[in-house]
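Chain naming here is simple, since letters A, B, ... match the order of the sequence lines and numbering starts at 1 in each.
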Amino acid sequence: MPAPGIAGTVSALFHLPFFMSQPATAITPRRDEDFPEWYQQVVRAADLAENSDVRGCMVIKPWGYGIWENMQRVLDGMFKATGHRNAYFPMFIPLSYLAKEAEHVEGFAKECAVVTHHRLEADGQGGLRPAPSAELTEPLVVRPTSETIIGATYAKWVQSYRDLPILINQWANVVRWEMRPRVFLRTAEFLWQEGHTAHETEQEAREETLQMLRVYETFAREYLAIPVYVGEKSEGERFPGAVQTLCIEAMVQDRKAIQAGTSHFLGQNFAKASGIEFVSRTNTREFAWTTSWGVSTRLIGTLIMAHGDDDGIQLPPRIAPAQVVILPVTPKPETRDAVLKAVEQLAAALRAQTFGGEPVRVEIDRRDIGGGTKNWEWIKKGVPLRVEIGPRDLEKGSVAVSRRDRGVKEKEFLTTDAFVSGVSGMLESIQAGLLARATALRDAHTVVLNTREEFYRFFTPSNPDRPEIHGGFALAHWNGSREVEEQVKADLKVTIRCIPMEDSPEPGRCIFTGDPSPRRVIFAKSY
RNA sequence: CGGGCUGUGGCUCAGCUUGGUAGAGCGCUUCGUUCGGGACGAAGAGGCCGCGGGUUCGAAUCCCGCCAGCCCGACCA
């Protein structure tokens with residue numbers, strides 16, 4: 001984590017009283033003091049979401065939802081560009097459907113919400129209860145994922161190889177009854193997209209799985225400014241029922257890994273379970289080959305932990321709900337109208353500019369609250385550029401521009417024209433800076449380890465009672481056995497994040513057993 | 001599901017041991033002074049102290065029961 005800009009720090013100190021009545025950073029605790037608590041405070045300070053009265057469920061507030069809407073819009077375009085279309089399937093899945101695929105049941109049964117009744121009645125004590133007479137003959141499960149119900153539907157749609165491929169995505173909510181919820185990272189209900197495709201051949205399905213993984217990788221890098229490793233999950237981390245699970249893994253600022261997206265090659269497992277059969281080109285009956293792939297609102301949590309600083313979140317411009325916020329400075333009533341008029345003109349001029357092929361997103365904050373308070377709110381919300389215009393700027397034809405990736409008090413005075421024509425470049429520079437910083441962090445904490453001792457040292461904090469930020473990604477040889485994986489997990493809470501896809505893997509010997517290993521895999525602690 | 005803890009204005013909490021019908025900070029409202037700035041002052045609104053029962057002249061405070069939430073473990077996008 002680089003230090004804040006020196007100029008900004010000096011300037012900030014200059015404005016504070018000796019005894020510092022205000023914290024030096026907008027968020028307490030700082031990241032290095034208590035990362036999990038810092039995360040929660042950022043979610044609150046940036047007004048992204050809050051916990052609801054329903055345990056484990058969150059209310060996503062407009063600023064947070066705006067981020068999700070941008071993710072949806074961009075990804076949706078990428079899905080369409082690769083030939084997919086959207087559809088919608090039911091939220092309720094008959095219990096018997098879930099039971100069809102053995103591994104799938106085992107994976108999800110423990111965290112399913114179940115609907116058993118379809119009517120309420122008075123309980124005689126002023127409350128309500130499910131009516132005993134209205135019990136469903138077959139309970140419905142609130143979807144934890146939709147493979148089974150979509151599979152059952154595809155089975156009806158597919159008769160011939162001519163009906164394939166089916167390339168469908170749905171945007172939906174899903175429910176997994178988690179024991180330990182954390183806003184955006186692990187909630188009982190979350191929003192996501194799930195792509196479900198069915199293919200004629202294994203190769204085609206495998207290519208689809210890989211293609212969508214690459215879509216996620218591109219999205220993460222180009223839009224979220226988060227570099228990711230792409231690879232395959234080990235057997236222990238695989239999606240229940242999948243033949244192969246591919247993933248993108250990101251590192252966030254406490255050096256833990258987070259799975260940011262997954263793409264599964266399901267083989268014929270679900271086709272067999274759901275009866276997706278077709279008559280082939282050679283007039284034989286075949287099971288289809290299916291895939292599924294998804295990303296969720298967890299990406300918002302990833303974004304926070306990847307780019308946030310001690311003053312709040314920092315949004316990559318490409319995904320920010322507003323890229324520029326204009327803050328009118330209206331100290332005197334007599335100049336107020338002129339300032340507001342200039343603000344409108346500036347907004348229009350900025351919106352006529354494009355960034356990443358889209359009009360620049362501009363918001364004007366006309367609220368009548370203290371300028372400092374207002375400024376800090378937008379800092380905490382992570383808007384990339386803040387622009388102040390006051391009466392003096394009107395006279396000079398200038399604006400005061402602050403970048404979120406620079407010091408809080410740092411302002412650049414530009415002519416209005418220069419700012420408008422340069423806004424796209426500034427946004428590009430911020431976007432690139434975030435990616436560069438995240439990449440540097442990841443690379444600095446990705447190490448190659450060759451012995452068991454090094455490995456255990458790397459993942460052991462110096463203070464076990466209050467673990468400091470430590471560890472990172474460890475590239476090490478592994479013999480491929482589940483026993484080793486589970487031992488490491490039990491000892492250190494470290495898991496295999498992925499088996500990286502490389503062109504020329506370097507063979508070696510497992511650092512735990514000495515067995516031959518075809519390639520290094522990535523170990524890390526994870527969310 | 002095991003272990004620890006907590007429920008008091010919107011938020012964070014004090015008060016409870018030694019019962020006498022409620023406090024602080026922040027936030028909110030109004031007024032004023034400030035103000036290219038997360039300022040200051042004054043006034044004000046807001047609480048059947050988680051729920052039910054018991055002891056008592058009297059319970060936020062003591063006793064019993066229940067409910068809810070948080071933290072630590074097992075599970076997880």
> Just one of A:Val401, A:Val387, A:Leu346, A:Ile364 clears the side-chain contact (heavy atoms from CB on, under 4.5 Å) bar with A:Val324, so which one?
A:Val387

> Taking only Watson-Crick and G-U wobble pairs with both distances under 3.5 Å, what dot-bracket line describes RNA chain B, where [ ] shows pairs that cross earlier ones and | shows pairs with another strand?
((((((((.[[[[.)....(..]]]].((((((.....)))))).....[[[[[..)....]]]]])))))))....

> Are any side-chain N or O atoms of A:Arg143 and backbone N or O atoms of A:Phe89, one a donor and one an acceptor, separated by less than 3.5 Å?
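Present.
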
> So, for A:Arg497 and A:Ala524, which heavy atoms are closest and what is the spacing to 0.1 Å?
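Taking every non-hydrogen atom into account, CG-CB, 3.7 Å.
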
> Among residues 363-384 of chain A, which ones have heavy-atom contacts with RNA chain B below 4.0 Å?
A:Gly371, A:Gly372, A:Thr373, A:Trp376, A:Lys380

> Scan side-chain atoms only and decide if A:Ser398 and A:Asp393 contain a donor-acceptor pair under the 3.5 Å cut-off.
yes

> Select base, sugar-phosphate, or nothing to describe what A:Thr262 touches, counting heavy atoms under 4.0 Å on all strands.
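Here A:Thr262 touches no strand at all.
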
> Going by atom types alone, do A:Glu232 and A:Thr245 pair a side-chain donor with an acceptor below 3.5 Å?
no

> Quote, to the nearest angstrom, the C1' distance that separates B:C13 from B:A22.
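Approximately 14 Å lies between the C1' atom of B:C13 and that of B:A22.
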
> Just compare B:G36, B:C75, B:G73 and give me whichever is closest to any side-chain atom of A:Val329.
B:G36

> A:Gln259 near the nucleic acid: base, sugar-phosphate alone, or nothing, with a heavy-atom cut-off under 4.0 Å?
sugar-phosphate

> What residues from residues 181-192 of chain A pass a heavy-atom cutoff of under 4.0 Å to RNA chain B?
A:Leu185, A:Arg186, A:Thr187, A:Phe190

> If a protein heavy atom is under 4.0 Å from the base, mark B; if only from the sugar-phosphate, S; if neither, -; do that for nucleotides 3-10 of chain B going 5' to 3'.
--------

> Measure the distance from CD on A:Glu111 to P on B:C1 and round it to the nearest whole Å.
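Checked: the CD to P distance equals 17 Å.
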
> Can the ring centres of A:Phe184 and A:Trp68 be said to be less than 6.0 Å apart?
no

> Do A:Lys233 and A:Gln244 get their side chains close enough for a donor-acceptor pair, meaning under 3.5 Å?
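No.
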
> Between A:His264 and A:Phe239, what is the ring plane arrangement, given parallel below 30°, perpendicular above 60°, and tilted in between?
parallel

> Within a reach of under 6.0 Å around CZ of A:Arg221, are more than 12 heavy atoms found that belong to other residues, nucleotides or ligands?
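Yes, the 6.0 Å shell around CZ holds more than 12 heavy atoms from other groups.
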
> With rounding to whole Å, what would you report as the distance between B:G27 and B:G46 at their C1' atoms?
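Result for the C1' pair: 12 Å, nearest Å.
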
> Please confirm whether the shortest side-chain N or O distance from A:Lys493 to OP1 or OP2 of B:G73 is below 4.0 Å.
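So the side-chain polar atoms of A:Lys493 do come within 4.0 Å of the phosphate oxygens OP1 or OP2 of B:G73, strictly under.
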
> Can you give one letter per nucleotide of nucleotides 29-34 of chain B, 5' to 3': B if a protein heavy atom sits under 4.0 Å from the base, S if only from the sugar-phosphate, - if neither?
------

> Of the residues in residues 39-55 of chain A, which ones touch RNA chain B at a heavy-atom distance under 4.0 Å?
A:Arg44, A:Arg55

> Just by distance, with hydrogens left out, do A:Glu37 and A:Gln41 show a side-chain donor and acceptor under 3.5 Å apart?
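Side-chain D/A pair, A:Glu37 to A:Gln41: present.
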
